[in-house]
Amino acid sequence: MRTARAVLERLGARVVASVAQAIVLILLARGIGVRDFGQFSIVYASSTLAAAIMGVGASSFVLRAVGLPSAGEIARTLLKVRAVATLAVLVSGGLVIWTISGLQVVMLLGVTFAATELFLDYVQAYVAAFHSQRYSAMIIAGHRVALLLACVVCSIVEAAPDWFAFALCSLSLGILGVSALIITVRTRGPAAPIWRTVQAATGYWAGSLVGNIRQLEPSAVGVTLGTSVAGVFALSSRLVNPLLIFTSTLQTLFMPVLSSTQEGSAEWNRARRTVFWLCVFYAGALCLGAPFAPLAVSIVLGSDFAGIPFLLQGVIVATALSAMTNYFQIVFNARGFAWDAALIIGAGNVLSVLALVVVGVTNQVELLWAAPVASQMLLLGAISVYARATPRLRLVSGATEASTNG
């Protein structure tokens with residue numbers, strides 16, 4: 001019962017945050033205009049990618065660190081590393097914008113958004129691992145709701161585009177400053193060596209980077225099949241993105257437990273089985289709902305989207321398969337095998353891009369839906385076979401536990 005409540009609280013916070021962000025972007029686009037919003041979007045996307053590179057996987061590693069002997073020292077070092085990365089994103093982004101356009105506030109807003117999210121992502125992970133899942137969920141939702149309220153006020157007073165962007169930029173920097181001050185005061189104490197900590201986090205860093213490989217999928221479709229098909233594919237992917245909230249919720253909830261308990265113990269096996277079955281039921285629900293997705297989207301967005309009827313179903317089924325892959329990634333990361341997961345998932349994501357290129361080169365538009373499904377099936381098969389075939393990972397797949405119970 002406690003686990004179900006924790007999942008619902010965390011999932012609810014993620015949903016609130018996602019809805020609030022969507023409304024923020026809509027109000028921002030209306031408030032600053034199409035041209036400025038396009039500039040903001042480009043800077044925001046570029047800064048987010050830079051943040052992923054500079055973030056060294058700290059948010060994932062701190063969930064694992066709770067199970068290590070010097071957990072507090074590692075967490076404090078990761079906080080310093082993430083603070084430096086946040087400052088680097090702000091300064092480097094500001095310098096680039098100043099060089100190109102003379103510090104346009106709309107473009108600075110994109111950098112500020114990315115930097116604030118980079119820092120708060122670590123803060124919420126740290127709070128979830130060492131303090132309270134509920135407070136962590138409140139950080140996620142509170143940040144986005146605060147920005148939403150600012151957008152609503154600016155829209156009501158019909159603020160000029162520059163003032164609209166300036167208000168959000170100031171609020172975002174204020175949230176960043178206050179959260180940095182609070183977390184610094186709350187985590188005072190000795191820290192672990194920086195270089196050793198960063199070395200230990202490299203697998204989690206790689207894991208955070210390989211997920212961005214799939215950002216190349218719309219480009220692969222666009223180069224081979226044209227921008228109109230790429231637009232439909234990109235829209236399908238964007239519509240399915242919120243479905244990933246569930247597995248990210250499970251990672252934050254269960255990685256600390258799986259990291260801090262003895263592998264193979266009753267508590268560890270219970271937590272592992274809970275993650276497994278939640279992923280199974282979620283994947284099943286997605287597969288059952290996939291046939292109805294095109295109808296629902298056509299009603300909301302219009303019949304023009306139904307140009308490739310099976311594409312959205314394929315992307316949803318691929319997401320269902322990735323939920324099972326994420327089960328392995330969660331447990332791999334919790335037990336310190338982040339490099340294993342990163343290499344396998346990275347290879348699978350590269351395969352997904354290549355599959356789309358093959359479909360495009362052969363001009364088999366009707367098979368576009370099959371590329372993500374086939375690649376995710378191969379990825380799931382590869383990581384599950386690897387978990388069973390590698391002795392140090394057999395507990396992850398449940399093979400040892402099953403043989404013992406038998």
Side-chain angles (χ1 to χ4, degrees), residues 60 203-204 206-217 220 236-237 240 243-244 246-248 250-251 254-255 258 269 272-291 310-359 362 364 367-403 406:
S60 296
Y204 302 86
S208 67
L209 292 177
V210 296
N212 287 302
I213 294 175
R214 297 195 65 182
Q215 300 295 328
L216 299 173
E217 290 181 347
S236 299
S237 299
V240 171
L243 300 178
L244 302 175
F246 186 78
T247 49
S248 64
L250 294 183
Q251 173 175 293
F254 288 99
M255 263 189 67
L258 293 167
N269 284 327
R272 184 193 63 77
R273 284 195 299 267
T274 301
V275 178
F276 175 79
W277 285 112
L278 284 173
C279 287
V280 168
F281 289 136
Y282 184 61
L286 290 181
C287 289
L288 290 175
F310 296 112
L311 178 56
L312 188 60
Q313 291 134 309
V315 175
I316 292 175
V317 171
T319 303
L321 293 168
S322 73
M324 295 309 306
T325 301
N326 287 337
Y327 155 73
F328 286 99
Q329 186 177 24
I330 290 169
V331 188
F332 275 39
N333 287 351
R335 303 317 299 172
F337 304 128
W339 266 114
D340 302 70
L343 291 173
I344 297 172
I345 292 174
N349 289 343
V350 170
L351 178 63
S352 180
V353 175
L354 293 177
L356 289 170
V357 171
V358 171
V359 169
T362 56
Q364 300 294 322
L367 294 179
L368 197 60
W369 66 272
V373 174
S375 59
Q376 286 299 321
M377 287 180 65
L378 290 173
L379 174 55
L380 177 57
I383 199 168
S384 58
V385 168
Y386 181 77
R388 286 183 171 271
T390 307
R392 63 194 175 94
L393 292 171
R394 294 196 75 208
L395 274 177
V396 173
S397 68
T400 303
E401 181 190 356
S403 63

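All residue numbers refer to positions in the sequence shown, counting from 1.
- A distance of 12.5 Å separates CD1 of I316 from CG of L321, quoted to the nearest 0.5 Å.
- Taken to the nearest 0.5 Å, the CG atom of L286 stands 4.5 Å off from the OH atom of Y282.
- A pairwise comparison of heavy atoms in F254 and L278 identifies CE1-CD1, 4.2 Å as the closest pair.
- Remark: S60 OG to Q251 CD distance equals 4.5 Å, nearest 0.5 Å.
- Relative orientation of the F332 and Y386 rings is tilted, given thresholds of 30° and 60° on the angle between their planes.
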**Message:** One pair to check against side chain to side chain contact (heavy atoms under 4.5 Å, CB included): R272 and Y327. What are the steps and the verdict?
**Reply:** CA-CA 9 Å; R272 184 193 63 77; Y327 155 73; 2.8 Å; yes
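- Closest non-hydrogen pair, G314 versus V373, comes out as O-CG2, 3.2 Å.
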**Request:** Starting from the C-alpha separation in whole Å, work towards a yes-or-no answer on side chain to side chain contact (heavy atoms under 4.5 Å, CB included) for Q376 and L379.
**Result:** CA-CA 5 Å; Q376 286 299 321; L379 174 55; 3.8 Å; yes
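- Taking the side chain to side chain donor-acceptor pair (under 3.5 Å) definition, one finds that W277 meets it with nothing, sequence neighbours left out.
- The minimum heavy-atom distance between A342 and G207, with the atom names listed, is CB-N, 3.7 Å.
- Contact detail for P291 and C287: the closest heavy-atom pair is CD-O, 3.4 Å.
- Closest heavy-atom contact between S375 and G348: CB-O, 4.3 Å.
- Remark: the backbone N or O of N333 is paired with a side-chain donor or acceptor of Y204 at under 3.5 angstrom.
- Atom CD1 of I383 is separated from atom CG of L378 by 13.0 Å, given to the nearest 0.5 angstrom.
- The two atoms that bring V317 and A290 nearest to each other are CG2-CB, 4.2 Å, heavy atoms only.
- Judged by distance alone, with hydrogens and angles left aside, the side-chain atoms of S352 form no donor-acceptor pair with the main-chain N or O of N349 at under 3.5 Å.
- Shown here are the side-chain contact (heavy atoms from CB on, under 4.5 Å) partners of V353, two or more places apart in sequence or in another chain: I213, L216, E217, A220.
- If you take CE on M377 and CE on M324, they are separated by 13.5 Å, rounding to the nearest 0.5 Å.
- N326 meets the side chain to side chain donor-acceptor pair (under 3.5 Å) test with T247; sequence neighbours excluded.
- One finds the CG atom of L380 at 11.0 Å from the CD1 atom of I344 (value rounded to the nearest 0.5 Å).
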